[in-house]
Amino acid sequence: MKANIITLLIIVGVGFLTSCSNDDNSSQENTIDGTWNLVNVRGGLASIDNDYSKGDIKWTFDQTSTILTVENKIGNDNGFYLHSGTYSFNIEDNNEDQILFIDNDDYRMVILSIGKSLIITDDFNDGFTAEFKR
């Protein structure tokens with residue numbers, strides 16, 4: 001009888017341990033909060049396709065304070081990039097797209113995806129698309 005109870009407790013214990021999962025990463029993957037590294041910019045009239053190393057350009061979003069901090073170590077080689085500094089930002093949902101406004105509407109970008117990558121496009125400035133990764 002004791003062996004049956006011990007066996008049952010082991011099976012139940014293993015079931016509890018294997019059914020638990022850490023959802024912290026999945027919730028972070030669906031938010032813009034955190035640090036994003038620019039990995040690629042493509043598009044424009046010249047059809048550029050530039051890859052970047054991790055750390056060349058970092059954008060850190062803090063939705064609580066609505067502050068975007070930019071660290072740009074490579075400068076600007078087209079109008080898409082932001083200089084190093086802090087900017088205010090706002091995200092508006094217009095039922096079709098999420099629109100990212102930076103610095104009181106000076107920059108308007110459409111968010112195409114937030115997940116393992118952040119993909120945004122500046123549909124007004126020659127159609128550049130940028131991809132960021134955490």
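- Cluster membership check: Trp36 does not share its hydrophobic cluster with Val39, using side-chain heavy-atom separations under 4.5 Å among Ile, Leu, Val, Met, Phe, Trp and Tyr.
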(request) Show your reasoning for whether side-chain contact (heavy atoms from CB on, under 4.5 Å) applies to Ile119 and Thr129. (result) CA-CA 7 Å; Ile119 301 174; Thr129 299; 3.7 Å; yes
(message) Before you tell me yes or no, could you show the steps for Ile114 and Gln98 under side-chain contact (heavy atoms from CB on, under 4.5 Å), namely the whole-Å CA-CA distance, both residues' side-chain angles and the distance that decides it to 0.1 Å?
(response) CA-CA 10 Å; Ile114 301 176; Gln98 285 186 307; 4.0 Å; yes
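- One finds the OG1 atom of Thr121 at 5.5 Å from the CG atom of Leu112 (value rounded to the nearest 0.5 Å).
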(message) With side-chain contact (heavy atoms from CB on, under 4.5 Å) as the criterion, how do Lys133 and Lys54 come out once you've worked through the C-alpha distance, each side chain's angles and the decisive distance to 0.1 Å?
(response) CA-CA 9 Å; Lys133 291 194 185 263; Lys54 185 175 182 176; over 6 Å; no
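- To the nearest 0.5 Å, atoms CG (Leu118) and CH2 (Trp59) are separated by 8.0 Å.
- Ile99 CD1 to Ile111 CD1: the interatomic distance, rounded to the nearest 0.5 Å, is 8.0 Å.
- A search for ring pair (Phe, Tyr, Trp, His ring centres under 6.0 Å) contacts involving Phe89 returns Phe61, not counting sequence neighbours.
- Listed for the Ser84 side chain is a donor-acceptor partner under 3.5 Å among the backbone atoms of Asn72.
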(request) Start with the C-alpha gap between Ser88 and Asp103, add the side-chain angles, then the distance that decides, and say whether side-chain contact (heavy atoms from CB on, under 4.5 Å) holds. (result) CA-CA 5 Å; Ser88 62; Asp103 229 12; 4.0 Å; yes
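- Rounding to the nearest 0.5 Å places CG of Leu38 at 13.0 Å from NZ of Lys73.
- Judged by distance alone, with hydrogens and angles left aside, the side-chain atoms of Asn37 form a donor-acceptor pair with the main-chain N or O of Gly55 at under 3.5 Å.
- With hydrogens and angles disregarded, a donor-acceptor distance shorter than 3.5 Å links the side chain of Asn40 to the backbone of Asn50.
- Note that CG of Leu100 and OH of Tyr107 are 12.0 Å apart. Values are rounded to the nearest 0.5 Å.
- In terms of heavy atoms, Gly115 sits closest to Arg134 at O-NE, 4.5 Å.
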Using distance only, find each side-chain donor-acceptor pair of residues 63-71 under 3.5 Å and give its atom names and separation, not counting sequence neighbours.
{"from": "Gln63", "atom 1": "OE1", "to": "Thr31", "atom 2": "OG1", "distance (Å)": "3.3"}
{"from": "Ser65", "atom 1": "OG", "to": "Asp62", "atom 2": "OD2", "distance (Å)": "3.3"}

